[in-house]
Amino acid sequence: MLQLTYIREKKDEAIERLAIKNFDAKPILEQVLELDNDRRKTQNELDAILNEANVLAKQVGELYKAGKKAEGDDLKNKSAALKESSKKLEEQLASIEKQQHTLLVQVPNTPSTKVPKGKTPEDNENVYQEGEIPKLPEGSKPHWDLAAKYDLIDFELGVKLTGAGFPVYKGKMARLQRALINFFLDRATAAGYLEIQPPIMVNAASGYATGQLPDKEGQMYHSTIDDLYLIPTAEVPITNIYRDVILKAEQLPIKNCGYTPCFRREAGSYGAHVRGLNRLHQFDKVEIVQVAHPDKSYETLEDMRNYVAGLLRDLELPFRILKLCGGDMSFASALTYDFETYSAAQEKWLEVSSVSNFETFQSNRLKLRFKEGDGKPVLAHTLNGSALALPRIVATMLENNQTPEGIKVPKVLVPYCGFELIN
RNA sequence: GGAGAAAUGGCAGAGUGGUCGAUUGCGGCAGUCUUGAAAACUGUUGAAGGUAACACUUCCGGGGGUUCGAAUCCCUCUUUCUCCGCCA
């Protein structure tokens with residue numbers, strides 16, 4: 001959610017920047033400001049009346065104490081009249097605030113000045129590429145065929161147990177999943193991230209604070225009996241740790257990481273391009289989250305970008321980094337880097353990580369602030385990134401590393417899984 | 001799941017209808033003393049809205065109510081603790 005003071009002071013800048021996200025903010029922001037004027041006017045009126053009522057109430061008390069009952073009763077009647085108008089104004093104020101909030105939550109975050117213009121993924125800027133695109137020999141297979149050939153992943157069994165998009169990993173593949181999770185967590189802790197094991201169900205308040213609710217309600221699995229949601233990413237519980245928190249400036253930056261399964265309903269996305277591991281309802285991911293000082297958050301973003309690049313390098317996967325254009329960015333992000341690995345048998349790039357700076361967009365809703373000395377609390381910046389999501393890494397790994405003898409395991413994972421070859 | 005108790009500022013903990021945004025202690029910050037530190041002493045120390053700055057308003061777990069007036073009384077929800085039951 002954008003900050004009201006920002007809209008008030010820099011409306012034109014906000015409109016201009018939101019245009020890069022192809023969002024026409026003018027009408028909605030003007031309405032917000034109009035409501036803001038109403039809000040302040042109403043608040044002032046209400047405050048004046050409440051003040052009068054407070055003064056009267058005190059006087060009534062004093063008069064009764066002094067034994068002047070008749071005069072006290074007189075003031076009481078006066079006070080009762082004030083109450084009616086204050087009640088009316090309170091209702092009015094609440095309604096204005098609600099309208100304003102409804103509008104505000106519809107406005108996406110303003111993109112950073114570094115964000116390229118554009119509408120579709122084709123307009124994303126390819127800022128970096130590394131690693132050789134492997135040339136696979138004749139007869140190479142996509143990962144779903146390899147999974148079947150070596151009995152690694154059973155998609156049909158998942159359908160029997162749960163439904164489509166809930167695969168069953170078996171034997172060496174299950175072990176490899178575990179190895180990847182441990183490898184990612186070890187790397188993150190070595191880089192200074194505190195490991196967190198959060199709940200994988202959250203309440204509605206958490207969903208609202210990180211922005212999954214209300215607009216993406218349909219994307220989450222919802223246990224209606226207890227009104228809890230299965231998390232779509234560890235970002236939700238880990239970021240919500242800092243909901244309604246005022247930190248000290250010295251505590252920044254805060255670096256947390258966590259492994260969780262992630263659940264996504266992904267309603268309405270079916271077809272050939274989601275075959276195999278490409279898109280699942282349940283998958284595993286290690287997430288990194290940082291809370292940063294506003295002056296440092298873009299440095300932090302570059303750190304996180306380099307960190308993720310290092311993971312892919314160590315896994316020996318060819319990858320590229322895209323700076324997302326305005327049209328392809330998420331609602332809440334100010335700047336996003338997407339990481340894609342090249343899946344040689346499918347002959348396409350697969351998104352494996354997304355690293356973003358949200359600036360104050362999340363912290364405004366979270367009320368996540370920090371204090372410098374005796375200063376006023378200031379909103380902190382939040383950032384997060386996948387480091388990494390497993391399924392597409394596995395897909396790329398299986399396809400790119402296939403040999404006639406079997407599938408080679410990257411060296412860094414061998415100590416974690418205890419084998420060099422899947423056959 | 002059943003019975004009882006509780007929820008107050010960073011923490012501990014007073015406050016049961018009137019001047020309480022709240023006694024006090026600890027912690028934090030500033031100062032005095034000291035070469036410096038500690039100790040001691042003095043002062044200061046929540047958040048939101050609002051204002052040029054004041055003023056003013058709101059907040060004592062959340063929501064609602066009674067009253068001229070609520071941290072204090074009532075209703076309701078949530079959470080925590082104790083006992084019992086069940087259980088990995």
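Chain naming here is simple, since letters A, B, ... match the order of the sequence lines and numbering starts at 1 in each. Side chains are part of it too, since the values below use all heavy atoms of this structure and drop only hydrogens, waters and symmetry mates.
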Contact letters for nucleotides 49-71 of chain B, in which S counts primed atoms plus P, OP1 and OP2 and B counts the base, heavy atoms under 4.0 Å: BSS----SSS--------BBS--
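Residue A:L4 contributes atom CG, which lies 14 Å from atom P of B:A48 at whole-angstrom precision. For the pair A:L368 CG and B:A48 P, the computed distance is 13 Å after rounding to whole Å. With rounding to whole Å, A:L228 atom CG is found 13 Å from B:U78 atom C1'. The distance from atom NZ of A:K371 to atom P of B:G46 is 7 Å, rounded to the nearest whole Å.
Across all strands shown, B:U66 forms no Watson-Crick or G-U wobble pair with both distances under 3.5 Å. Applying the Watson-Crick and G-U wobble criteria (two distances, each under 3.5 Å), B:C86 pairs with nothing in any strand. Across every strand in view, B:G9 sits unpaired, with no contact that passes the Watson-Crick or G-U test at under 3.5 angstrom. Across all strands shown, nothing is found opposite B:U23 as a Watson-Crick or G-U wobble partner with both distances under 3.5 Å. In this structure, B:A71 forms no base pair with any nucleotide, since neither Watson-Crick nor G-U wobble geometry is met with both distances under 3.5 Å. Within the shown strands, B:U32 is the pairing partner of B:A40 under the Watson-Crick or G-U definition, both distances less than 3.5 Å. Both distances falling under 3.5 Å, in either a Watson-Crick or a G-U wobble arrangement, place B:G4 opposite B:C81. Nucleotide B:C60 is matched to nothing when pairs are restricted to Watson-Crick or G-U wobble geometry with both distances under 3.5 angstrom.
Donor-acceptor pairing under 3.5 Å is lacking for the side chains of A:R392 and A:T341. For the residue pair A:Y337/A:E125, the side-chain donor-acceptor check at 3.5 Å is not satisfied. Side chains of A:E13 and A:Y6: a donor-acceptor N/O pair is present below 3.5 angstrom, by distance only. Side-chain N/O atoms of A:N256 and A:Y242 include a donor and acceptor closer than 3.5 Å. A:T360 and A:Q3 share a donor-acceptor pair across their side chains, judged by distance under 3.5 Å alone.
Under the 4.5 Å side-chain criterion, counting only non-hydrogen atoms from C-beta, A:V291 is not in contact with A:S363.
Taking atom P in both B:G13 and B:G1, one finds a spacing of 29 Å when rounded to whole Å. A gap of 28 Å separates the C1' atoms of B:U80 and B:U66, to the nearest Å. The separation of B:G85 from B:G2, taken at their P atoms, amounts to 15 Å, rounded to a whole angstrom.
When the shell of 6.0 Å around CD of A:Q106 is examined, it contains more than 12 heavy atoms from other residues, nucleotides or ligands.
Contacts of A:K41 with the nucleic acid, taken as non-hydrogen atoms under 4.0 Å apart, are absent.
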